[in-house]
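Side chains included, hydrogens not; waters and symmetry mates left out as well; all remaining heavy atoms used. Computed from a predicted structure; not experimentally measured. Just so we're on the same page: letters track the sequence lines, and every chain starts at 1.
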There are 2 protein chains.
Amino acid sequence: MTSSWLDLPADHPYGITALPYGVFSGADGVRRVGVRVGDQVLDLGAAAGSTGSGTARLWQQPSLNALLAEGKPAWESARAWVVGLLSDPELRAAVEPHLHHLSDVTLHLPVEVADYVDFYASEHHATNVGRIFRPDGDALTPNWKHLPIGYHGRSGTVVVSGTDIRRPVGQRRPPTEDQPVFGPSVRLDIEAELGFVVAGGTELGSRVSVDEASEHLFGVLAFNDWSARDIQAWEYVPLGPFLGKSFASSVGAWVTPMEALQAAKTPLPQQDPRPMDYLLGDDLFGLDIAIEVELNGSVVARPPYSTMYWSPSQMLAHLTVNGASLRDGDLFASGTVSGPEADQRGSLLELTWSGEQPITLPNGSTRTFLEDGDTVTIRYSAPGADGIRIGLGEVTGTILPAD
Amino acid sequence: MTSSWLDLPADHPYGITALPYGVFSGADGVRRVGVRVGDQVLDLGAAAGSTGSGTARLWQQPSLNALLAEGKPAWESARAWVVGLLSDPELRAAVEPHLHHLSDVTLHLPVEVADYVDFYASEHHATNVGRIFRPDGDALTPNWKHLPIGYHGRSGTVVVSGTDIRRPVGQRRPPTEDQPVFGPSVRLDIEAELGFVVAGGTELGSRVSVDEASEHLFGVLAFNDWSARDIQAWEYVPLGPFLGKSFASSVGAWVTPMEALQAAKTPLPQQDPRPMDYLLGDDLFGLDIAIEVELNGSVVARPPYSTMYWSPSQMLAHLTVNGASLRDGDLFASGTVSGPEADQRGSLLELTWSGEQPITLPNGSTRTFLEDGDTVTIRYSAPGADGIRIGLGEVTGTILPAD
C-alpha cells in the first residue's frame with residue numbers, strides 16, 4: 001500500500017488510489033491539466049518542470065486530449081509518475097508548491113469532445129420507460145437484448161459540472177391536444193449516467209473487439225443527460241431524440257482512469273439470449289459504482305451501476321462493428337442507470353412514474369419534473385485499491401428559467 | 001458582368017460566378033485552402049502572398065474553419081478579393097503561377113466538422129418512406145409538418161468525395177426470421193442530400209432566428225448519406241439511426257458560398273399548416289438546385305432540391321430553438337432529396353420501392369441495392385449570376401466488399 005506525504009486520512013475518497021485528471025485554470029486564466037488529490041489539484045505541467053520529467057507538454061494543454069493520444073502504456077506511466085510525485089518524500093519540496101486548493105481554481109471541460117454517443121444499457125430503465133410509454137405493449141423492444149441501443153448526441157453542448165442549465169423551449173403536444181404548442185419545457189428531467197472517455201484513433205473500416213476495448217477506454221466521468229421529456233416525446237418518431245436532449249449534457253470535471261477502477265469490476269448480469277460473437281470476449285465486466293442523485297440537497301435515488309446489462313467493452317465493440325472510426329476525445333455515456341428498486345431509478349420520469357407519483361422533498365415541497373432554481377447533483381463512488389472507497393467526482397447543475 | 005483573364009468559355013460551370021472553396025495538397029502534402037476556377041485550383045495563400053493581401057493566414061490552413069470563424073462580412077470581402085484576382089489583368093502575372101490543374105492535386109475534407117445533423121426535409125421522401133414502412137398507417141408522422149425532423153450523426157466519419165466505402169457489417173433481422181443475423185449489409189443504399197456548412201459560434205442558451213440564419217450559413221456542398229437499410233431497420237426503434245448510418249457520410253470537396261446561390265433562391269412549396277412563429281421570417285427560401293444521381297455512369301434519378309418542404313433557415317432556427325449552441329464547422333444536411341416523380345427519388349429504397357422494383361442499368365444488369373464495386377456519383381448545379389449555370393461539385397464513392 002503506497003502512502004502519500006500529503007496529510008490525508010487513509011480513507012479519503014480522493015487519496016492516492018483515486019487520482020482523477022481534470023483541467024483547471026488559476027488567476028491567469030490559462031487552462032492546464034491537473035490531478036485531484038484530497039481537496040487540492042496538482043498542476044502537472046509545473047510538477048513536471050520542477051522534477052525534471054519530460055512530460056510537461058502533455059500537461060500544458062487545455063484538455064486531456066494530448067494525453068489520450070499517447071495510448072495505454074503512456075497512461076500507465078503517467079499514473080505511476082503521479083503516484084511517485086505524491087508518495088516520494090524526496091520530491092515533496094519540488095511538488096508541494098504546485099498544489100492548489102480547489103476553491104482557488106476554476107474547473108473546465110476535461111476533454112475536447114469529438115463524437116458523443118449515448119447508450120441505453122440499463123434493462124431496468126428501458127423496461128420502466130417501455131411500461132410508461134407503451135403500457136399495452138412489450139416493455140423492451142425486440143432488439144434490446146441483442147444489441148446495446150445507442151444514438152449520437154450533440155458534442156458541442158457537452159458542458160462541465162457547475163454550468164447553469166437554461167430551461168429549453170420548443171414544441172410539445174400536450175396529451176389532451178391534437179396540435180402542438182410552443183413554450184418552455186414542462187417536463188424537464190435528468191438522466192443519471194456514467195460517461196466513458198475514449199482514446200486511440202482507429203481507421204475507418206476497422207473494428208474494436210470486446211478484448212481490444214480496454215486499449216481505448218481511458219476513464220469514466222460523472223454524466224447528467226438533461227432531457228426535456230415533452231419536447232422529446234413529440235419529436236422523436238421516427239429518427240430519435242434531437243432537441244429534447246441537445247440543449248445540454250453535463251459532465252463531471254474529473255476523469256477517473258480505468259486503472260483506478262480495477263477493484264470495481266464485477267460480473268455482468270446474465271445475458272440471455274447469448275449475445276452475438278462480436279459482443280463476446282474475455283473482457284466483459286460491470287462496474288460496482290454507487291451513484292447518488294441529490295435534488296436540492298436531498299438524496300432522491302441511489303442507482304447502482306452494477307445492474308447495467310451491457311459491458312462498456314460491448315458498447316464500444318458495437319459502436320465500431322460497422323467500421324465507424326474512433327477519435328481521441330470520443331465520449332460515450334451508458335444511458336440512464338436504474339436499478340430494480342423504486343429508489344434506484346436514475347430519472348424523474350421513472351421516480352415519479354411519468355409525473356403520476358410526485359416525490360416529496362424534506363421541506364415538504366413536491367416534484368414531478370424540475371422547477372426553475374432546482375439544483376441536481378449526482379455523485380459517484382466505487383471500491384478502489386487497498387480496500388479504500390474512491391470518489392469519482394460529481395456533476396451538478398441549476399435550472400435557470402426559460403428566456 | 002465580370003470577366004476573367006482566364007481562357008474559360010463564358011458558360012463554364014466553374015467560371016467566375018461559381019468559385020467554390022476547397023482544401024488541397026500538392027507534392028509536399030501540406031493542406032491549404034484554394035478556390036476552384038475552371039479545371040484548376042488557385043492556391044489562395046500563395047496568391048495572397050504574391051499580391052500583397054494580408055489574408056494569407058486564412059488560407060494557409062488545413063480546413064476552411066479559419067475562414068468560417070471570420071464571419072459574413074469577411075466572407076464577402078474574401079469572395080470579392082478572389083474575383084478581383086481572377087479578373088484584373090494587372091494581377092495575372094502574380095496570380096497565374098499559383099493555379100494548379102485539378103489532376104495535379106489531392107482534394108481533402110474541406111471543413112473540420114464539429115457537429116453533424118441530418119434533417120428529413122423532403123415531403124416526397126418522407127411520404128415514400130412512410131408508405132414503404134407503414135403501408136397501413138399515415139405516410140407522414142403527426143409531427144412532420146410542424147417541425148423539420150432531424151437527428152445527430154457521426155461527424156468523425158464524414159469523408160471527402162472519392163473515399164472508398166467499405167460495406168458495413170452488423171445485425172439485421174431478415175423479414176422472414178424471428179431472430180437477427182450477423183453479416184454484411186444486403187440493403188446498402190445512398191441518400192442524395194445537400195449539405196450546409198455552418199459558421200459563427202453562438203452561446204449556449206441563445207437562438208438563431210430564421211432571419212439571422214444567413215449570418216451562419218456559409219455555403220453548400222454535395223452530400224451522400226450512405227445508409228444500410230437492414231441494419232437501420234433493426235436498430236432504430238426507439239432512439240433512431242445509429243450504425244445504419246455512422247459507417248460513412250461522403251461530402252463534396254467544394255463548398256459553394258451562399259453568395260453564389262442568390263439566383264438559385266426560389267419560393268418554398270406552400271407550408272400548410274402554418275409553421276409556428278419561430279419557424280417564420282422574411283428569409284424563407286428554397287433552392288433551385290438540380291441533382292443528378294449516377295450509378296456506374298448512368299443517371300438513375302434527378303431529384304429537384306426546389307421541392308424541399310423546409311427552408312435551410314428554418315432548419316437552423318429549429319436546431320437552435322432549444323438553446324443549442326453552434327460552432328464553426330457545424331454541418332447539417334437536408335435529408336434525402338426526392339421530387340414527386342418516380343425518377344426524382346434520391347435513394348434506391350425509393351427508386352426500387354424497397355427492392356420490389358429493381359432498376360435496370362444500360363448494360364442490362366439490375367439493381368435493388370448497391371453491389372460491391374458499384375460507383376455512385378451525385379452532381380449538383382444551379383442558376384448562378386449573369387444567367388450562367390454553375391456547378392456545385394459532386395460526391396462520389398465506390399463500394400468495397402465487407403471484410
J.: Please determine, among B:P168, B:P273, B:G153, the option with the most heavy-atom pairs under 4.5 Å with chain A.
T.: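 Looking at each of B:P168, B:P273, B:G153 in turn, B:G153 comes out on top.
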
J.: Contact part of A:R167 toward chain B, heavy-atom cut-off under 4.5 Å: side chain, backbone, both or neither?
T.: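 Nothing of A:R167, per the 4.5 Å heavy-atom cut-off to chain B.
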
J.: Between A:D277 and chain B, which part of the residue has a heavy atom less than 4.5 Å away: side chain, backbone, both or neither?
T.: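 Neither part, no heavy atoms under 4.5 Å.
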
J.: Which atoms form the tightest heavy-atom contact between B:V321 and A:V169, and what is the distance?
T.: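 Scanning both residues completely, I find the closest heavy atoms to be O-CG2, 3.2 Å.
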
J.: Do you know which of B:Q232, B:R327, B:E235 has the most heavy-atom pairs under 4.5 Å to chain A?
T.: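 Of the options given, most contacts go to B:R327.
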
J.: Do you know the tightest heavy-atom contact between B:L204 and A:F247?
T.: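 Minimum heavy-atom separation between B:L204 and A:F247: CD1-O, 3.3 Å.
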
J.: Sort B:S246 into side chain, backbone, both or neither according to what part of it lies under 4.5 angstrom from a heavy atom of chain A.
T.: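 Contact with chain A involves both backbone and side-chain atoms of B:S246.
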
J.: Could you state the interatomic distance from CH2 (A:W234) to CD1 (B:I149), rounded to the nearest 0.5 Å?
T.: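 It is 8.5 Å, given to the nearest 0.5 Å.
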
J.: Find the one option among B:D164, B:T320, B:D330, B:T157 whose heavy-atom pairs under 4.5 Å with chain A are most numerous.
T.: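 Of B:D164, B:T320, B:D330, B:T157, B:T157 has the most heavy-atom pairs under 4.5 Å with chain A.
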
J.: Closest heavy-atom contact between B:L243 and A:H318?
T.: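 Shortest heavy-atom contact: CD1-O, 3.1 Å.
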
J.: Between B:N322 and A:R166, is a side-chain contact (heavy atoms from CB on, under 4.5 Å) present by the stated rule, with each step listed?
T.: CA-CA 9 Å; B:N322 67 345; A:R166 177 76 60 188; over 6 Å; no

J.: Counting only heavy atoms not in B:D372 (residues, nucleotides, ligands), do more than 12 fall under 6.0 Å from its CG?
T.: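 More than 12 heavy atoms, drawn from other residues, nucleotides or ligands, come within 6.0 Å of this atom.
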
J.: In terms of heavy-atom pairs under 4.5 Å, which option from B:G150, B:G170, B:A114 contacts chain A the most?
T.: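 Option with the top pair count is B:G150.
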
J.: Heavy-atom distances under 4.5 Å only: say whether B:D403 touches chain A with side chain, backbone, both or neither.
T.: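 Both backbone and side chain.
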
J.: Sort B:V129 into side chain, backbone, both or neither according to what part of it lies under 4.5 angstrom from a heavy atom of chain A.
T.: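 When you check distances to chain A, no heavy atom of B:V129 falls under 4.5 Å.
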
J.: Could you pull out the closest heavy-atom pair between A:L239 and B:P241, with the gap in Å?
T.: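 Scanning both residues completely, I find the closest heavy atoms to be O-CD, 3.5 Å.
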
J.: Please look at A:Y278 and chain B and tell me whether the side chain, the backbone, both or neither of the residue comes under 4.5 angstrom of a heavy atom of that chain.
T.: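 Side chain only.
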
J.: Taking B:G244, B:G156, B:A126 one by one, which has the highest count of heavy-atom pairs under 4.5 Å against chain A?
T.: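 Greatest number of close heavy-atom pairs with chain A: B:G156.
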
J.: Please report the shortest heavy-atom distance between A:R154 and B:D115, naming the atom on each side.
T.: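 Where A:R154 meets B:D115 most closely, the heavy atoms are CG-OD2, 3.3 Å.
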
J.: Dump the intermediate steps for side-chain contact (heavy atoms from CB on, under 4.5 Å) on B:Q179 and A:H146, then the final yes or no.
T.: CA-CA 9 Å; B:Q179 297 297 313; A:H146 293 280; 3.1 Å; yes

J.: Which bit of A:L140 is near chain B, if near means a heavy-atom gap under 4.5 Å: side chain, backbone, both or neither?
T.: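 Neither part.
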
J.: At a heavy-atom distance under 4.5 Å, which candidate from B:A402, B:S155, B:G205, B:G323 has the highest pair count against chain A?
T.: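 Highest number of heavy-atom pairs under 4.5 Å: B:S155.
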
J.: Which bit of A:L319 comes within less than 4.5 Å of chain B, counting heavy atoms only: side chain, backbone, both or neither?
T.: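 A:L319 touches chain B through backbone and side-chain heavy atoms alike.
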
J.: Would you say B:E203 has more than 12 foreign heavy atoms packed within less than 6.0 Å of its CD?
T.: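 Atom CD in B:E203 is not crowded, with 12 or fewer foreign heavy atoms closer than 6.0 Å.
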
J.: Measuring only between side-chain heavy atoms, which start at C-beta, is A:P238 closer than 4.5 Å to B:F133?
T.: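 Heavy-atom side-chain distance check fails, nothing below 4.5 Å.
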
J.: What part of B:I165 gets within 4.5 angstrom of chain A, counting heavy atoms only: side chain, backbone, both, or neither?
T.: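 It is neither, since no heavy atom gets under 4.5 Å.
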
J.: Please give me the minimum heavy-atom distance between A:N143 and B:V237, naming the atom from each residue.
T.: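 It is ND2-O, 3.0 Å.
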
J.: Sort A:P142 into side chain, backbone, both or neither according to what part of it lies under 4.5 angstrom from a heavy atom of chain B.
T.: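 A:P142 touches chain B through backbone and side-chain heavy atoms alike.
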
J.: Counting only non-hydrogen atoms closer than 4.5 Å, does A:L400 touch chain B with its backbone (N, CA, C, O), its side chain (CB onward), both, or neither?
T.: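 Neither part.
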
J.: Of the listed residues (A:Y116, A:F182, A:Y120), which shares the most heavy-atom pairs with chain B below a 4.5 Å separation?
T.: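 Answer, by heavy-atom pair count under 4.5 Å with chain B: A:F182.
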
J.: Just say parallel, tilted or perpendicular for the rings of A:F242 and B:H152, cut-offs at 30° and 60°.
T.: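 Perpendicular, since the angle between the ring planes exceeds 60°.
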
J.: Counting only heavy atoms not in B:E112 (residues, nucleotides, ligands), do more than 12 fall under 6.0 Å from its CD?
T.: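 12 or below, so no.
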
